[in-house]
Amino acid sequence: MTEKRVSRWYFGGVSSSAAACLTHPLDLIKVHLQTQQEVRMKMMGMAKSVVRREGFLSLYSGLSASLCRQMTYSLSRFAIYESVRDMISSHNHGPIPFYQKVLISAFGGFAGGFIGTPADLVNVRMQNDVKLPLELRRNYSHALDGLFRVWKEEGLNKLFSGATMASTRGALVTVGQLACYDQSKQLVLATGAMTDNILTHFLVSLIAGSCATVLCQPLDVMKTRLMNSNGEYGGVLHCLAETAKLGPKGFYKGLVPAAIRLMPHTVLTFIFLEQLKKHFGVVVIT
């Protein structure tokens, strides 16, 4: 018999929140790029424009909403995926096949995406506020203020605006991150060339981040547009048609900053998660 440590249900939310604190400026720039109707600025130009107009701290606009999102969306998807995966693998006395990891992660991501939609909506709005004229800004004080004001001023339904898109994107990004991370790690360790250490976690999480970025970028663009809209889109299909007018590149607008943001976020999330599991995880006898 051997001892191993497994993650606690809330570790995913904690590690994702820690990663978000470091990558938030990249997420903000990505949102600004995606909400341009015409491509006027690239990544560095947008970053300089935001800092020049509002100062360096404006790059952290909406951080409270981002943390709220991680503690709803990421906590839910990690908790569902790891709990179900560990339950099935303990019953099978071994790793589960890749297709099961994909199905579990897709379900976890879809559920997490729905649960995190209100915080995600406020996060997008707070990040986009700094580029709006003063008279059009929403000026949410923090995440809870944003959630309360949207509910009070626009109704409960508005809090779940873009929920279908957010849930679908959540499923895709979770497949790219969790299922691909688990499978890549399993294959790398099976070769015997590397051990279960921080270097392995770094390399494997890079693969997972790349998969997640490519899978979810088109939906990420549409989700951002729907959540930031003031009623100009009649629904998902209308948003799809308007985005399609920009050509194929319209669906991959902000791909570079999305990759630069999502890949470091994925790497940091899994490194923090593995360290939490190593030092504070539940000890299981196998």
Side-chain angles (χ1 to χ4, degrees), residues 1-20 22-23 26 70 74-75 77-109 112 169-217 255-256 258-286:
M1 293 192 297
T2 58
E3 280 189 3
K4 72 170 186 177
R5 288 184 180 268
V6 297
S7 179
R8 299 180 187 272
W9 66 271
Y10 55 85
F11 279 2
V14 173
S15 56
S16 294
S17 297
L22 299 176
T23 61
L26 293 169
Q70 296 302 335
S74 286
L75 188 148
R77 67 195 182 105
F78 271 90
I80 292 170
Y81 175 77
E82 295 192 327
S83 299
V84 176
R85 179 202 62 193
D86 291 344
M87 182 180 66
I88 296 175
S89 61
S90 64
H91 182 266
N92 294 346
H93 304 291
I96 64 175
F98 182 56
Y99 80 89
Q100 289 185 357
K101 294 174 185 174
V102 169
L103 293 175
I104 297 167
S105 58
F107 174 75
R169 178 195 178 273
L172 290 175
V173 76
T174 306
V175 169
Q177 285 183 328
L178 275 66
C180 291
Y181 179 86
D182 261 5
Q183 191 67 19
S184 300
K185 182 180 175 184
Q186 181 184 325
L187 293 173
V188 167
L189 293 178
T191 65
M194 302 184 76
T195 58
D196 191 0
N197 56 30
I198 198 165
L199 177 59
T200 302
H201 304 156
F202 174 78
L203 294 175
V204 172
S205 58
L206 275 179
I207 296 171
S210 302
C211 294
T213 302
V214 172
L215 281 172
C216 74
Q217 184 61 13
L255 178 63
V256 172
I260 292 174
R261 178 258 171 190
L262 187 56
M263 290 177 69
H265 185 269
T266 303
V267 170
L268 291 168
T269 295
F270 281 112
I271 287 177
F272 290 148
L273 180 65
E274 294 283 5
Q275 293 304 305
L276 283 171
K277 184 164 63 175
K278 178 180 177 181
H279 296 289
F280 306 105
V282 180
V283 177
V284 175
I285 307 297
T286 57

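Everything numeric here is computed off the predicted structure, so don't read it as measured data. These values consider heavy atoms only, across backbone and side chains, with no hydrogens, waters or symmetry-generated copies.
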Exercise. Under 6.0 Å from the NE2 atom of H279, do we count more than 12 heavy atoms belonging to anything else shown?
Worked result: yes

Problem set entry | Backbone of F280 reached by a side-chain donor or acceptor of R8 within 3.5 Å | yes

For this session: Quick one: pull up NZ in K101 and CD1 in I96 and give me the separation to the nearest 0.5 Å.
Result: 6.0 Å

For this session: Verify, without hydrogens or angle tests, whether R5 (side chain) and K278 (backbone) share a donor-acceptor contact under 3.5 angstrom.
Result: yes

For this session: Verify, without hydrogens or angle tests, whether S105 (side chain) and V102 (backbone) share a donor-acceptor contact under 3.5 angstrom.
Result: yes

For this session: May I ask you to test the I207-C180 pair for a side-chain heavy-atom distance under 4.5 Å?
Result: no

For this session: To the nearest 0.5 Å, tell me how far Y181 OH sits from E274 CD.
Result: 3.5 Å

Problem set entry | T200 (side chain) donor-acceptor with T195 (main chain) under 3.5 angstrom | yes

Exercise. What is the distance from atom OG1 of T266 to atom CE of M263, rounded to the nearest 0.5 Å?
Worked result: 8.0 Å

Seminar exercise, completed: Nearest heavy-atom contact between A179 and Y81 is CA-OH, 4.0 Å

Exercise. Do L262 and C216 come close enough that some side-chain heavy atom pair is under 4.5 Å?
Worked result: yes

Exercise. Is K277 salt-bridged to E82, cutoff N-O under 4.0 Å?
Worked result: no

Exercise. Do the side chain of T174 and the main chain of A171 share a donor and acceptor less than 3.5 angstrom apart?
Worked result: no

Seminar exercise, completed: dist M194:CE -> L203:CG (nearest 0.5 Å) comes out at 4.5 Å

Exercise. CZ of F270 to NE2 of H265: how many Å apart, nearest 0.5 Å?
Worked result: 10.5 Å

For this session: Say whether, by atom type as modelled, one donor and one acceptor occur between the side chain of S83 and the main chain of I80 under 3.5 angstrom.
Result: no

Problem set entry | Gap between atom CZ of F78 and atom CZ of R85 - 0.5 Å precision | 10.0 Å

Problem set entry | S16 side chain vs G13 backbone, donor-acceptor pair below 3.5 Å | no

Problem set entry | Donor-acceptor under 3.5 Å (H201 side chain, N197 main chain) | yes

Exercise. Where do D196 and L189 come nearest, in terms of heavy atoms and distance?
Worked result: N-CD2, 3.6 Å

